[in-house]
2 protein chains.
Amino acid sequence: MTDLDQNTEQLIFRAARKVFTLKGYNGARMQEIADEAGINKALLHYYFRNKDKLFEGVFGDVLKTLFPGLTNILTADLPLFEKIPLFVCQYIDILTNNPEIAGFVLYELRLNPQRLVGNMRDIGIDMNLIRSQIESEVAAGIIRPVKPEHLIANLISMTIFPFIARPVLMSVAGMDEVHYTKFIEERKRIVPETIIQSLKPIQ
Amino acid sequence: MTDLDQNTEQLIFRAARKVFTLKGYNGARMQEIADEAGINKALLHYYFRNKDKLFEGVFGDVLKTLFPGLTNILTADLPLFEKIPLFVCQYIDILTNNPEIAGFVLYELRLNPQRLVGNMRDIGIDMNLIRSQIESEVAAGIIRPVKPEHLIANLISMTIFPFIARPVLMSVAGMDEVHYTKFIEERKRIVPETIIQSLKPIQ
DNA sequence: GTCTATAAACAGATAGAC
DNA sequence: GTCTATCTGTTTATAGAC
């Protein structure tokens with residue numbers, strides 16, 4: 001493989017990632033990907049056989065952008081009240097740089113949940129680890145009891161949803177682009193605060 | 001118009017709603033809608049001219065399922081601590097009966113945000129009303145100060161997201177169908193509890 | 001490796017019989 | 001109103017020249 005091969009392949013891949021995440025599998029056109037990459041349609045098939053294979057590659061790549069950080073922070077050896085702000089900040093930064101990938105992944109997974117199967121390793125969180133951390137912090141009187149599924153669901157929901165629902169939130173709350181950007185930045189503080197307040201024991 | 005006309009039209013419309021919400025605009029096929037309705041493809045065009053017009057109808061219908069309840073409860077004349085559980089319960093019931101519409105609407109809106117334009121009346125929430133309610137409850141010492149955008153975002157996020165992220169949540173938390181159903185039912189209690197705890201003034 | 005040209009399949013839409 | 005048959009444009013994919 002020459003340098004040129006790799007460059008073209010990467011060029012195509014990046015173009016494909018852009019078009020697929022923006023338009024979805026069904027909305028994406030091989031022609032548009034070729035145009036975006038500045039090459040010919042036939043080359044897509046030369047490097048990636050067909051649309052499905054190209055998509056699989058992109059989808060796996062996007063999952064890698066989205067999940068490993070999640071798993072690592074959530075299972076790190078830190079108190080919950082430190083983990084949570086870390087998680088939120090890192091995730092909001094990732095999504096600010098890739099605003100469309102959350103909606104893209106969740107939508108494609110609903111159309112075709114099997115797509116998870118091949119990528120399970122990157123995604124699974126050790127719930128028992130989180131469960132035992134909760135138990136020990138409850139025992140120490142730091143937090144109130146909470147089911148790990150709900151804690152994780154609350155955390156992920158409040159962090160990710162504003163990116164998926166951007167147009168609706170802007171419309172419902174009457175925000176423009178500038179307000180929305182500020183709003184997202186504020187959530188780095190608001191989301192951890194909301195969860196931590198809800199976890200504090202009643203005095 | 002005879003009875004038969006109306007029946008066929010409704011038959012088509014329901015079939016279209018099912019296929020569009022399940023597959024999205026780009027993934028839906030006129031043939032599949034016709035099959036689902038048990039009629040011929042040509043009839044779709046007889047009743048609804050083209051795919052776009054049929055979709056517009058369905059999309060407006062889905063918005064009506066999703067939004068009016070939201071607006072009405074959030075602007076009702078009730079204390080926040082009563083409004084919030086009401087909102088969550090009603091919304092979870094709607095989404096339990098229509099599990100795919102939240103993801104459908106948000107995705108189609110991201111592909112084409114202009115679709116909101118024609119339906120703005122159903123959707124807009126009077127943020128000033130909520131803002132002044134927050135102010136008066138803060139003044140009365142019932143809640144801590146909070147920006148209305150963030151309160152609404154937290155509420156909607158935690159309520160809706162678990163339906164959009166169903167496959168991921170099930171995978172991440174290792175849930176099966178039964179666990180997931182129970183999990184969703186539990187959220188009617190957990191979500192209001194989380195928000196209300198986070199709003200309570202520090203004693 | 002990269003291109004042009006084209007095949008092959010599909011999907012939306014229409015014509016016209018009943 | 002409902003159907004079958006068909007047209008038209010689009011889209012994925014391949015053949016083959018360079």
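Chain letters run A, B, ... following the sequence lines, proteins first, then strands; residues in each count from 1.
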Engineer: Establish, from distance only, whether the side-chain atoms of B:Arg17 and B:Thr65 form a donor-acceptor pair under 3.5 Å.
Structural biologist: yes

Engineer: Do the side-chain N or O atoms of A:Tyr47 get closer than 4.0 angstrom to the phosphate oxygens (OP1, OP2) of C:dT2?
Structural biologist: yes

Engineer: What string of B, S and - do you get for nucleotides 11-18 of chain D, 5' to 3', if B is base contact, S is sugar-phosphate-only contact and - is no contact with any protein heavy atom under 4.0 Å?
Structural biologist: SBBB----

Engineer: Whole-Å distance between C:dA11 P and B:Asp35 CG?
Structural biologist: 12 Å

Engineer: Does a sphere of radius 6.0 Å around CG in B:Asn97 hold more than 12 heavy atoms from other residues, nucleotides or ligands, not counting ones at 6.0 Å or beyond?
Structural biologist: yes

Engineer: For A:Lys188, does the NZ atom sit with more than 12 other heavy atoms under 6.0 Å from it, leaving out its own atoms?
Structural biologist: yes

Engineer: Please report the interatomic distance CZ(A:Arg115) to CZ(A:Arg110), rounded to the nearest 0.5 Å.
Structural biologist: 13.5 Å

Engineer: Represent DNA chain C in dot-bracket notation, 5' to 3'. Only Watson-Crick or G-U wobble pairs with both distances under 3.5 Å count; pseudoknot-style crossings use [ ] and interstrand partners use |.
Structural biologist: ||||||||||||||||||

Engineer: Over 60° means perpendicular and under 30° means parallel, so tell me whether B:Phe55 and B:Phe20 are parallel, tilted or perpendicular.
Structural biologist: perpendicular

Engineer: OG1 of A:Thr8 to CG of A:Leu44: how many Å apart, nearest 0.5 Å?
Structural biologist: 11.0 Å

Engineer: How long is the line joining CG of A:Asn7 and C1' of C:dT2, in whole Å?
Structural biologist: 15 Å

Engineer: Do the rings of B:Phe104 and B:Phe59 sit parallel, tilted or perpendicular, given the 30° and 60° boundaries?
Structural biologist: perpendicular

Engineer: Please work out whether the ring planes of A:Phe87 and A:Tyr91 are parallel, tilted or perpendicular, with thresholds of 30° and 60°.
Structural biologist: parallel

Engineer: Does anything in residues 16-23 of chain A reach DNA chain D, meaning a heavy atom under 4.0 Å, and if so which residues?
Structural biologist: none

Engineer: What is the distance, to the nearest angstrom, from the NZ atom on B:Lys53 to the C1' atom on C:dA13?
Structural biologist: 13 Å

Engineer: Do B:Gln31 and B:Asp35 pass the side-chain hydrogen bond (donor to acceptor under 3.5 Å, both in side chains) test, and can you show the C-alpha distance, the side-chain angles, and the key distance before you say yes or no?
Structural biologist: CA-CA 6 Å; B:Gln31 184 63 60; B:Asp35 292 347; 3.0 Å; yes

